[in-house]
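See below for the structure under consideration.
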Amino acid sequence: MSKSVYALIDCNNFYASCERVFDPQLRGKPIAILSNNDGCIIARSDEAKRAGVEMGAPEFKIRDLIKEKDIVLKSSNYALYGDMSRRVMETLRHLTPKVEPYSIDEAFIEFPKLIAKDLDRFGKEIKTTVKQWTGLPVSVGIAPSKTLAKIANETAKSNPQHKGVLNLVDNSQLDNLLKETKLTDIWGIGAGLSQRLFKEGIQNAFQLKQQVSRKEWVRNKLSVKGLRTVMELNGEPCLDIEHVGDARKGIMTSRSFGKAVTDKKDLSEAIAQFISIAAEKLRAQHSVASLLHITLRTNKYSNYKSKYKYGIEFPLQMPTANTSHLIKCGHACLDKLYQRDLRYKKAAVMLTGILPESEVQQDLFSKNNYTASEHNLMQKVDDINTKYGSGTTHFASTGIEKSWQMKQEHLSAKYTTQWDELAEIQVD
DNA sequence: TCTGGGGTCCTAGGACCC
DNA sequence: TCTGGGGTCCTAGGACCC
């Protein structure tokens with residue numbers, strides 16, 4: 001019997017709920033959140049789901065539905081969602097020490113095993129505390145492994161009888177629930193693996209759980225990751241709570257453009273801007289990068305079957321986190337990649353070969369060393385931007401007009417991170 | 001005309017070494 | 001002309017996640 005218990009806390013309809021906290025008029029209304037560039041639907045309130053708004057639907061294809069059902073559209077407001085996420089994670093840390101933020105709207109926690117009655121009570125306490133402290137509704141799934149906690153959470157959320165909290169530890173209904181769980185609803189089993197398993201006659205989570213009797217077969221079919229999933233379905237935890245603060249191994253910044261871009265100057269501004277963002281993330285985790293990748297894309301929908309992705313790698317002689325140096329390298333890549341006759345829709349910057357800044361060996365003869373004075377300069381830029389708002393200080397090469405910028409026509413205020421955009425309360 | 005933006009891990013296969 | 005076996009490291013690509 002394992003000594004630890006895992007719980008997954010997941011915010012319900014996170015982006016839509018964040019919008020509602022600061023605009024109470026949105027309560028009870030169907031809300032849909034758009035991706036960057038207002039391109040497609042990435043989040044929906046329950047009312048919007050019921051109205052038939054599909055996840056991932058391109059906005060231009062469902063305009064009639066939006067009008068007919070009076071759906072409120074919002075552009076993604078990551079400054080707001082990111083800050084609300086931070087508040088949720090802090091609330092959880094008040095309740096229990098081992099917290100792993102898993103995504104912007106989810107966290108795993110691990111705690112010692114309690115008797116079943118106390119587990120139920122703890123689950124409810126988490127739910128009410130997060131609601132009180134942040135205004136956000138969450139669901140809580142408790143189980144002996146992370147994979148089962150995911151299933152518990154999903155069931156708690158979709159099945160009103162559980163009132164948002166479900167504990168699967170020592171729960172006699174577990175196998176019945178697994179029999180009703182489709183393969184694609186298991187964490188780690190996507191469409192590809194699910195199809196392969198289906199052909200083998202395995203059609204639900206319970207049947208997959210039973211494959212524990214032939215581990216070698218599972219390993220061959222699904223690799224070690226699949227084997228871990230099977231063990232976890234059996235209540236044998238194989239996935240630990242991960243330590244926060246581990247440095248990222250790759251940092252990517254990419255955006256689609258508001259409209260097709262043909263001008264090289266626009267592209268070089270966009271690349272400078274994306275490099276600035278990526279390098280700031282790099283410095284925030286006290287790292288340097290040794291490889292820069294630049295990718296340009298044309299419209300993959302209209303260029304069906306023909307090439308639409310053009311990429312190049314730039315090995316940095318010396319690992320660096322200096323925005324200015326990275327921009328120069330990025331522009332050298334652009335010189336090689338750019339073709340006059342193409343209409344570009346998207347650019348991406350990726351930094352890899354990431355090392356801790358303390359581990360960098362200085363090259364006595366190179367002009368490209370990431371020196372202490374460069375580091376200090378970048379530090380000052382980051383400090384100013386943290387204090388006075390992102391982009392307060394920026395490199396001129398990122399451009400002024402930014403004709404390539406994202407479309408965000410339905411953006412709400414940065415209620416929690418910008419002094420001049422705080423929510424206003426009207427007192428009658 | 002209009003279709004997001006990030007990440008992680010694993011495996012296979014090639015290059016290279018002894 | 002024939003031509004072993006084992007190891008490491010790196011990269012590309014696949015699969016999955018939100």
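The analysis underlying the following values was restricted to heavy atoms, covering all of them including side chains, and did not include hydrogens, waters or symmetry mates.
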Problem set entry | OP1 or OP2 of C:dC17 under 4.0 Å from side-chain N/O of A:Lys146 | no
Exercise. Nearest-Å distance, OH (A:Tyr78) to C1' (B:dG6)?
Worked result: 9 Å
Exercise. Parallel, tilted or perpendicular for A:His94 and A:Trp133, by the 30°/60° rule?
Worked result: perpendicular
Exercise. Do A:Lys179 and A:Phe206 meet the cation-pi criteria used here (NZ or CZ under 6.0 Å from the six-membered ring centre, within 45° of the axis)?
Worked result: yes
Exercise. Across the strands shown, which category fits A:Ile104 at heavy-atom distances under 4.0 angstrom: base, sugar-phosphate, nothing?
Worked result: nothing
For this session: Could you please name the option among C:dC18, B:dG4, B:dG6 that lies closest to any side-chain atom of A:Ser254?
Result: B:dG6
For this session: Quickly work out the A:Ile41 CD1 to B:dG5 P distance and round it to whole Å.
Result: 15 Å
Exercise. When the C1' atoms of C:dG4 and B:dC17 are considered, how many whole Å apart are they?
Worked result: 14 Å
For this session: Could you label the plane-to-plane angle of the A:Phe22 and A:Tyr415 rings as parallel, tilted or perpendicular, counting under 30° as parallel and over 60° as perpendicular?
Result: parallel
For this session: Using atom CE of A:Met350 as one end and atom C1' of C:dT11 as the other, report the distance to the nearest whole Å.
Result: 12 Å
Exercise. At under 4.0 Å between heavy atoms, what does A:Glu59 touch on the DNA or RNA strands: base, sugar-phosphate, or nothing?
Worked result: nothing
Seminar exercise, completed: Whole-Å distance, A:Tyr15 OH to B:dG5 P, equals 12 Å
Problem set entry | Charged N-O contact under 4.0 Å between A:Lys150 and A:Glu232 | no
Exercise. Any side-chain donor-acceptor pair under 3.5 Å between A:Lys346 and A:Asn299?
Worked result: no
Exercise. With a non-hydrogen cut-off below 4.0 angstrom, is A:Asp105 in contact with a base, only sugar-phosphate, or nothing?
Worked result: sugar-phosphate
Exercise. Checking all strands, does A:Lys249 fall into the base, sugar-phosphate, or nothing category for heavy-atom contacts under 4.0 angstrom?
Worked result: sugar-phosphate
Exercise. Between A:Tyr15 and A:Tyr81, how do the two ring planes meet: parallel, tilted or perpendicular, split at 30° and 60°?
Worked result: parallel
Problem set entry | Candidates B:dG4, B:dG6, B:dG7 - which lies nearest the side chain of A:Cys40 | B:dG4
Exercise. Quick one: on DNA chain B, does A:Lys407 or A:Ile251 contact a more 5' nucleotide (nearest heavy atom)?
Worked result: A:Lys407
Exercise. Can you list every side-chain hydrogen bond (donor to acceptor under 3.5 Å, both in side chains) pair that touches residues 52-65 of chain A, not counting sequence neighbours?
Worked result: A:Glu59-A:Arg63
Problem set entry | Heavy-atom closest contact (A:Leu174 atom, A:Lys209 atom, distance) | CD2-NZ, 4.4 Å
Exercise. Looking for any heavy atom pair under 4.0 Å, which part of the strands does A:Thr253 touch: base, sugar-phosphate only, or nothing?
Worked result: sugar-phosphate
Seminar exercise, completed: Residues of residues 217-231 of chain A with a heavy atom under 4.0 Å from any atom of DNA chain B, listed by number, are A:Ser223, A:Val224, A:Lys225, A:Arg228
Exercise. CG of A:Leu239 versus C1' of B:dC9: gap in Å, rounded?
Worked result: 11 Å
For this session: Have a look at A:Asn37 and say if it touches a base, only the backbone sugar-phosphate, or nothing, with a 4.0 Å heavy-atom cut-off.
Result: nothing
Problem set entry | Side chain to side chain, A:Leu291 and A:Leu316, heavy atoms closer than 4.5 Å | no
Problem set entry | N/O (side chain, A:Ser256) to phosphate O (OP1/OP2, B:dG5) under 4.0 Å | yes
Exercise. Under 4.0 angstrom, heavy atoms only, what part of the nucleic acid is A:Leu193 near: base, sugar-phosphate, or nothing?
Worked result: sugar-phosphate
Problem set entry | Candidates B:dT3, C:dC18, B:dG4 - which lies nearest the side chain of A:Ser103 | C:dC18
Problem set entry | Value in whole Å for how far the P atom of B:dG5 lies from CD of A:Gln408 | 11 Å
Exercise. For DNA chain B, what dot-bracket results from Watson-Crick or G-U pairs at under 3.5 Å, with [ ] for crossers and | for inter-strand partners?
Worked result: ....||||||||||||||
Exercise. Less than 4.0 Å between a side-chain N and a carboxylate O, is that true for A:Arg87 and A:Asp83?
Worked result: yes
Exercise. So does A:Lys281 get a side-chain nitrogen or oxygen closer than 4.0 Å to the phosphate oxygens (OP1/OP2) of B:dG6?
Worked result: yes
For this session: Compare the minimum distances between each of C:dC17, B:dG6, B:dC2 and the side chain of A:Trp187, then state the nucleotide with the smallest one.
Result: C:dC17
Exercise. If only side-chain N and O atoms of A:Lys346 are considered, is one of them under 4.0 Å from the OP1 or OP2 phosphate oxygen of B:dT3?
Worked result: no
Exercise. Rounded to the Å, how far apart are A:Ile66 CD1 and B:dT3 C1'?
Worked result: 13 Å
Exercise. At under 4.0 Å between heavy atoms, what does A:Gly250 touch on the DNA or RNA strands: base, sugar-phosphate, or nothing?
Worked result: sugar-phosphate
Exercise. side-chain contact (heavy atoms from CB on, under 4.5 Å) with A:Ser4: which of A:Lys98, A:Glu110, A:Lys113?
Worked result: A:Glu110
Problem set entry | Atom pair distance, as rounded to whole Å: CD in A:Gln285 and C1' in B:dT8 | 14 Å
For this session: Report the residue (A:Ala260 or A:Met406) whose heavy-atom-nearest nucleotide on DNA chain B is the more 5′ of the two.
Result: A:Ala260
